[in-house]
Chemist: 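The structure follows.
All chains are named by letter (A, B, ...) in the order of the sequence lines, taking the proteins before the strands, and each is independently numbered beginning at 1.
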Number of protein chains: 2
Amino acid sequence: MFNVSTRVQYGFLALLALADGDGKTPVRLGSIARDLHLSFKYLENIFQSLVKARIVRGTRGPEGGYVLERDPRSLSLYDIFRALEGPVFTVECFDEESACRHLALCPVRDLWGELRGSLEKFLKRRTLADIKSKYKKPVVLAHMEMFGVAGEETGKKESASI
Amino acid sequence: MFNVSTRVQYGFLALLALADGDGKTPVRLGSIARDLHLSFKYLENIFQSLVKARIVRGTRGPEGGYVLERDPRSLSLYDIFRALEGPVFTVECFDEESACRHLALCPVRDLWGELRGSLEKFLKRRTLADIKSKYKKPVVLAHMEMFGVAGEETGKKESASI
DNA sequence: CTATTTCCTAGTAAGTTGGTATGAAATATA
DNA sequence: TATATTTCATACCAACTTACTAGGAAATAG
């Protein structure tokens, strides 16, 4: 089954929000969380993965926040998946440890290989800049319009967080 | 993340084994499990899903077993995934209940749609007959060669079953 | 009648997902 | 230097999913 996790969904949305900026002045996670109506704590969690993958860089303290560390034109959806979920495609007979004993003889092994290839191709082709250019409006604005004026309530669904 | 579950892996392999036959005389699960070195009980479990999806038909008793109920040339990988795992692609903002409030405004919604489309296209294009035709040898034979003479031990890895 | 085989309903241990909680470290501003 | 603010780091937890296993009922060929 293919599932786009909330980590990737929220992470991607937040990266788009970062890409809205001038790329120099850091954006605080607090404001992204508020504007996008996502849990601040969860976003923090997610951004630690992005920092480790050197996709964003954070600076602490007041006036701190995150900036993109990579060019949106070369930052692919694949990179983001990798940073946030680890391996994009898994099937038993492909990982080292439990490598299946059938090897080349197995009729389906090639099939999973093709499937993985097709998936990777798709994900590597789309960059952050591509997606962004399809939408005239800044992400944050679009979301704010949907939710009306940003109020006190945050977090998604019933859960209050920040 | 995309994971090919063992249900699909084993199920697909077993279907290939079924397709090796003449399509008329039922194949017992016991022999498939033995030849492919898979857990009989788990295969039974898997085949109940295939029966419900009308992909195979079972007849009980001695000389019983399973036959394909659909033409291998029109039975796609997609059908098999659906039968064994349910939905192939999931993302929060696509399912009814938790439909996201951003709707058309959300910049990534279209993206997940394209991803799903590309995945479905791949899975719908490959049929059981396609895969089978790429391999001259019957699946079961190939496996038996790998494992040597079929012995008493069954199940995958350390687990003994049947 | 009996052995064999599928059918049906449950249960369960391990792993993954979607978060939360708590506090330490850095830094701009006063 | 003190303080408020922000990221960084570690760890925890409940709900769900995956990969099976268990036990027996129903059908059927001989």
Side-chain angles (χ1 to χ4, degrees), chain A residues 1-11 14 18 25-34 38-53 56-67 69 84-87 90-92 95 97-98 154-162, chain B residues 1-11 14 18 25-34 38-52 56-67 69 84-87 90-92 95 98 154-162:
Chain A
M1 203 236 334
F2 193 101
N3 179 41
V4 182
S5 65
T6 56
R7 282 183 77 79
V8 169
Q9 289 177 59
Y10 302 168
L18 275 200
T25 52
V27 181
R28 278 174 298 124
L29 234 41
S31 65
I32 295 185
R34 183 168 12 86
L38 299 174
S39 150
F40 168 71
K41 271 302 179 188
Y42 194 25
L43 267 188
E44 250 191 331
N45 181 324
I46 291 170
F47 265 68
Q48 286 316 301
S49 302
L50 294 175
V51 167
K52 267 168 200 138
V56 300
R57 183 164 26 87
T59 54
R60 315 189 202 188
E63 307 297 300
Y66 292 94
V67 287
E69 196 168 2
L84 295 179
E85 296 200 332
T90 61
V91 60
E92 255 184 10
D95 35 276
E97 328 154 15
S98 67
T154 48
K156 69 176 283 287
K157 295 286 163 53
E158 279 31 282
S159 71
S161 25
I162 240 197
Chain B
M1 204 237 332
F2 193 102
N3 180 41
V4 182
S5 66
T6 57
R7 283 184 77 81
V8 168
Q9 287 176 62
Y10 303 168
L18 274 198
T25 52
V27 181
R28 279 172 298 121
L29 233 41
S31 65
I32 295 184
R34 184 168 12 83
L38 298 174
S39 150
F40 168 71
K41 269 302 182 186
Y42 193 24
L43 266 188
E44 250 190 334
N45 182 322
I46 289 169
F47 266 68
Q48 286 317 302
S49 302
L50 294 175
V51 166
K52 267 169 201 137
V56 300
R57 183 163 25 85
T59 53
R60 315 187 203 190
E63 309 296 302
Y66 292 94
V67 288
E69 196 167 2
L84 295 179
E85 297 201 330
T90 60
V91 60
E92 253 184 12
D95 34 279
S98 67
T154 47
K156 69 176 284 286
K157 295 285 165 56
E158 278 31 281
S159 72
S161 27
I162 239 191

Chemist: Looking at residues at least two apart in the chain, or sitting in another chain, which of them share a side-chain contact (heavy atoms from CB on, under 4.5 Å) with B:Glu44?
Modeler: B:Leu29, B:Phe40, B:Lys41

Chemist: What's the CG-P distance between B:Leu38 and D:dC20, to the nearest Å?
Modeler: 9 Å

Chemist: OP1 or OP2 of C:dG18 less than 4.0 angstrom from a side-chain nitrogen or oxygen of A:Thr6, does that happen here?
Modeler: yes

Chemist: Looking at every strand, decide which applies to A:Tyr66 at a 4.0 Å heavy-atom threshold: base, sugar-phosphate, or nothing.
Modeler: sugar-phosphate

Chemist: Applying side chain to side chain donor-acceptor pair (under 3.5 Å), name anything that partners A:Arg7, two or more places apart in sequence or on another chain.
Modeler: A:Asn45, A:Ser49

Chemist: Taking for each residue the nucleotide of DNA chain C with the nearest heavy atom, is it B:Phe47 or A:Ser5 whose nucleotide lies nearer the 5' end?
Modeler: B:Phe47

Chemist: The criterion is side-chain contact (heavy atoms from CB on, under 4.5 Å); which residues satisfy it with A:Val8, sequence neighbours excluded?
Modeler: A:Val4, A:Ser5, A:Phe81, A:Leu84, A:Glu85, B:Trp112

Chemist: Answer yes or no: does a side-chain N or O of B:Tyr42 lie under 4.0 Å from OP1 or OP2 of D:dA22?
Modeler: no

Chemist: Could you walk me through whether B:Thr6 and B:Tyr42 pass side-chain contact (heavy atoms from CB on, under 4.5 Å), step by step?
Modeler: CA-CA 10 Å; B:Thr6 57; B:Tyr42 193 24; 2.9 Å; yes

Chemist: Would you say B:Tyr10 reaches D:dA19's phosphate, i.e. side-chain N/O to OP1/OP2 under 4.0 Å?
Modeler: no

Chemist: Kindly say whether, by distance alone, the side chain of B:Asn45 makes a donor-acceptor pair under 3.5 Å with the base of D:dT21?
Modeler: yes

Chemist: For A:Thr59, what residues pass the side-chain contact (heavy atoms from CB on, under 4.5 Å) criterion, not counting sequence neighbours?
Modeler: A:Pro26

Chemist: State which residues pass side-chain contact (heavy atoms from CB on, under 4.5 Å) with A:Glu69; sequence neighbours excluded, sorted by chain then number.
Modeler: A:Arg54, A:Arg57

Chemist: In this structure, how many angstroms lie between the C1' atom of C:dC8 and the CD1 atom of B:Ile46, rounded?
Modeler: 16 Å

Chemist: Return a single string for nucleotides 23-30 of chain D, one symbol per nucleotide in 5' to 3' order, where B is base contact, S is sugar-phosphate-only contact and - is none, cutoff 4.0 angstrom on heavy atoms.
Modeler: BB-BBBB-

Chemist: Calculate the interatomic distance between B:Phe2 atom CZ and C:dT16 atom C1'; express it in whole Å.
Modeler: 17 Å

Chemist: Heavy atoms only: give me the nearest B:Ile46-B:Gly11 pair and the separation to one decimal.
Modeler: CG2-CA, 4.0 Å

Chemist: Could you tell me the separation between the CZ atom of B:Arg28 and the P atom of C:dA3, rounded to a whole number of Å?
Modeler: 17 Å

Chemist: To the nearest Å, how far apart are B:Leu43 CG and D:dC20 C1'?
Modeler: 12 Å

Chemist: How close or far is atom C1' of C:dT16 from atom CE of B:Met1, stated in whole angstroms?
Modeler: 8 Å

Chemist: Given atom CD of A:Gln48 and atom P of D:dT10, what is their separation to the nearest angstrom?
Modeler: 10 Å

Chemist: Provide, to the nearest angstrom, the distance between the CG atom belonging to A:Asn3 and the C1' atom belonging to C:dG18.
Modeler: 11 Å

